[in-house]
Engineer: 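Let me begin by handing over the structure; questions about it come next.
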2 protein chains.
Amino acid sequence: MRDAAVAESRPYHHGDLRRALVEAARRILESEGPTALSLRAVAREAGVSPAAPYHHFKDKGELLDAVAHVGWDMLGESMTGAKQRAADLASLMTEIGVSYVQFSQQHPALYRVMYDCSRDKDELPEGMQDNEDSAYCLVRETFRKVAGPDVEIVDIELATIAAWCAAHGLAEMSTFKQFDSLKIALGGEEAFLRGVLGHLGMFQANKPAKV
Amino acid sequence: MRDAAVAESRPYHHGDLRRALVEAARRILESEGPTALSLRAVAREAGVSPAAPYHHFKDKGELLDAVAHVGWDMLGESMTGAKQRAADLASLMTEIGVSYVQFSQQHPALYRVMYDCSRDKDELPEGMQDNEDSAYCLVRETFRKVAGPDVEIVDIELATIAAWCAAHGLAEMSTFKQFDSLKIALGGEEAFLRGVLGHLGMFQANKPAKV
DNA sequence: CACCAATCTGAACGACGTCAAGATCAATCT
DNA sequence: AGATTGATCTTGACGTCGTTCAGATTGGTG
């Protein structure tokens, strides 16, 4: 099962190269970061020639799309878990938001790929709103449940977008070193996250100071 | 051999190449987008050899830093203008937020460079919090003024970060095509922005539906 | 078994970031 | 003034990248 770069007696035809390439890409992301993620490096990691990927992906972008799709699935699972772990209904969104940002911190390179390849197309990432368990739909349905039936659909949608913007913004900014001292003052990374989210409309389970 | 490809026959020594390179980079960003922004293209645009920039910038990243710095100055001015245009104190943050996102929509390529080169270093962008007129400080000081003297400094800081996350997230997501129909339903781009911001804690000048 | 389509290789092209060596020029020091 | 120095710019090169294409290899189908 372990198909490392040292596959001496690999047959001419790989068998499942498409999947192997996506996994090789993720391995590179985890170990060397996004800047090291070249098509050639992925092919090298998978033990294959630089041209081989083109039989499974139109170009580099399409490979990254596949990697991102895996990431969105992982994030969806992560958020679903947080939703189920939430104690009461009021803290639902907070727990989901925290798990979102924590995922981005545990897989920073993957998270970056997830968004970069969608920004290039000005489209929501494929895999972000595919099925009911997908990340975006999870948030929207949670809002729908919390809000009740008398809230207009437009407002559900706007609230979902607003929550997403806040979480995504925090995900991208929470790694900046300038916030380190503030994190220490608040007692750790998670306290910082909850502190920031607490100042935003839909994450107010723990009543922050009114600003 | 004096004839350059460009109209002006410049002397061997340019005189102010550093500034010319930054402006060339911005020109390329506006006309061809971020993917076309290579060091060689910038040098070409400035009518200079590919190695010339290395006498003014350590590497490509340092050139992008300079471009980003200009962008942050522009954004700071934009937000200051919006702050002064705000009618009452309650709508201050909303107007600033709208102007932030609108800037990102008017200069999408520049905005992207502004953040990308800071994400690479896990540091807040240089030029974002340099002086009192800089974008970040503007928001924080506005919060301090609105909140009054009885609110703790930590909460001011958290609110600033929260607002920034929301605005940045919206800036990156507002261009996604999936929101087009919602924008039309709400009556335009700006109504969409105000609708989303209205669902977030500190932008609640126009009382959105409670979700 | 023969053939086809899918898969993989090898070599190549242009573009990129970067560097070292040399050319050119402005300013300063005799 | 003329010589020297240091900054600036060019030329040419290296290795890497994304991508393409002709040819080698293979599994599956008739």
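Keep in mind that this is a model prediction, so the values were computed, not measured.
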Engineer: Which pairs count as ring pair (Phe, Tyr, Trp, His ring centres under 6.0 Å) when at least one residue sits in residues 36-57 of chain A, sequence neighbours excluded?
Structural biologist: none
Engineer: In whole Å, what is the span from the CG atom of B/L21 to the P atom of C/dG17?
Structural biologist: 13 Å
Engineer: So which nucleotide from D/dC17, D/dT10, C/dC8 ends up closest to the side chain of B/V48?
Structural biologist: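 From the listed options, D/dT10 comes nearest.
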Engineer: Please determine if A/R119 and B/E172 form a salt bridge, counting it only when a charged side-chain N lies under 4.0 Å from a carboxylate O.
Structural biologist: yes
Engineer: Just how far, in rounded Å, is P of C/dC16 from CD of B/E45?
Structural biologist: 13 Å
Engineer: So, does B/R18 get its side chain near the phosphate of D/dC9, meaning an N or O under 4.0 Å from OP1 or OP2?
Structural biologist: no
Engineer: Sequence neighbours left out, what passes salt bridge (Lys or Arg N to Asp or Glu O under 4.0 Å) with B/R18? Give chain and number order.
Structural biologist: none
Engineer: Quick check on contacts: within residues 55-66 of chain B, what sits under 4.0 Å from DNA chain C by heavy-atom distance?
Structural biologist: B/D59, B/K60
Engineer: Taking ring pair (Phe, Tyr, Trp, His ring centres under 6.0 Å) as the cut-off, I'd like each qualifying pair that reaches into residues 61-80 of chain A, sequence neighbours left out, listed once.
Structural biologist: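 Pairs touching residues 61-80 of chain A that pass the test: A/W72-A/Y115.
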Engineer: Using whole Å, what does the distance between atom C1' of nucleotide C/dC8 and atom CZ of A/R44 come to?
Structural biologist: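 My rounded result for the distance is 17 Å.
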Engineer: State whether B/R194 and B/E190 are salt-bridged, where the test is any N-O pair (Lys NZ or Arg NE/NH1/NH2 against Asp/Glu carboxylate O) under 4.0 Å.
Structural biologist: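 Yes, this pair counts.
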Engineer: Enumerate the residues from residues 32-40 of chain B whose closest heavy atom to DNA chain C is under 4.0 Å, giving them by residue number; use none for an empty result.
Structural biologist: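 By residue number: B/S38, B/L39, B/R40.
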Engineer: Show me the donor-acceptor pairs within less than 3.5 Å that the side chains of residues 107-114 of chain A make with the rest of the protein, sequence neighbours left out.
Structural biologist:
unit_1, atom_1, unit_2, atom_2, d
A/H107, ND1, A/E30, OE2, 3.3
A/Y111, OH, A/Y100, OH, 2.8
A/Y111, OH, A/H168, ND1, 2.7
A/R112, NH1, B/D120, OD1, 3.4
A/R112, NH2, B/D120, OD1, 2.5

Engineer: Looking at B/S91 and B/T94, would you say the former's side chain and the latter's main chain have a donor-acceptor pair under 3.5 Å?
Structural biologist: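 Side chain of B/S91 to backbone of B/T94, a donor-acceptor pair under 3.5 Å: no, none is there.
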Engineer: Among the candidates C/dT18, D/dT20, C/dC8, find the nucleotide nearest to the side-chain atoms of B/Y54.
Structural biologist: C/dT18
Engineer: Do A/E157 side-chain atoms and A/I153 backbone N/O form a donor-acceptor pair below 3.5 Å?
Structural biologist: no
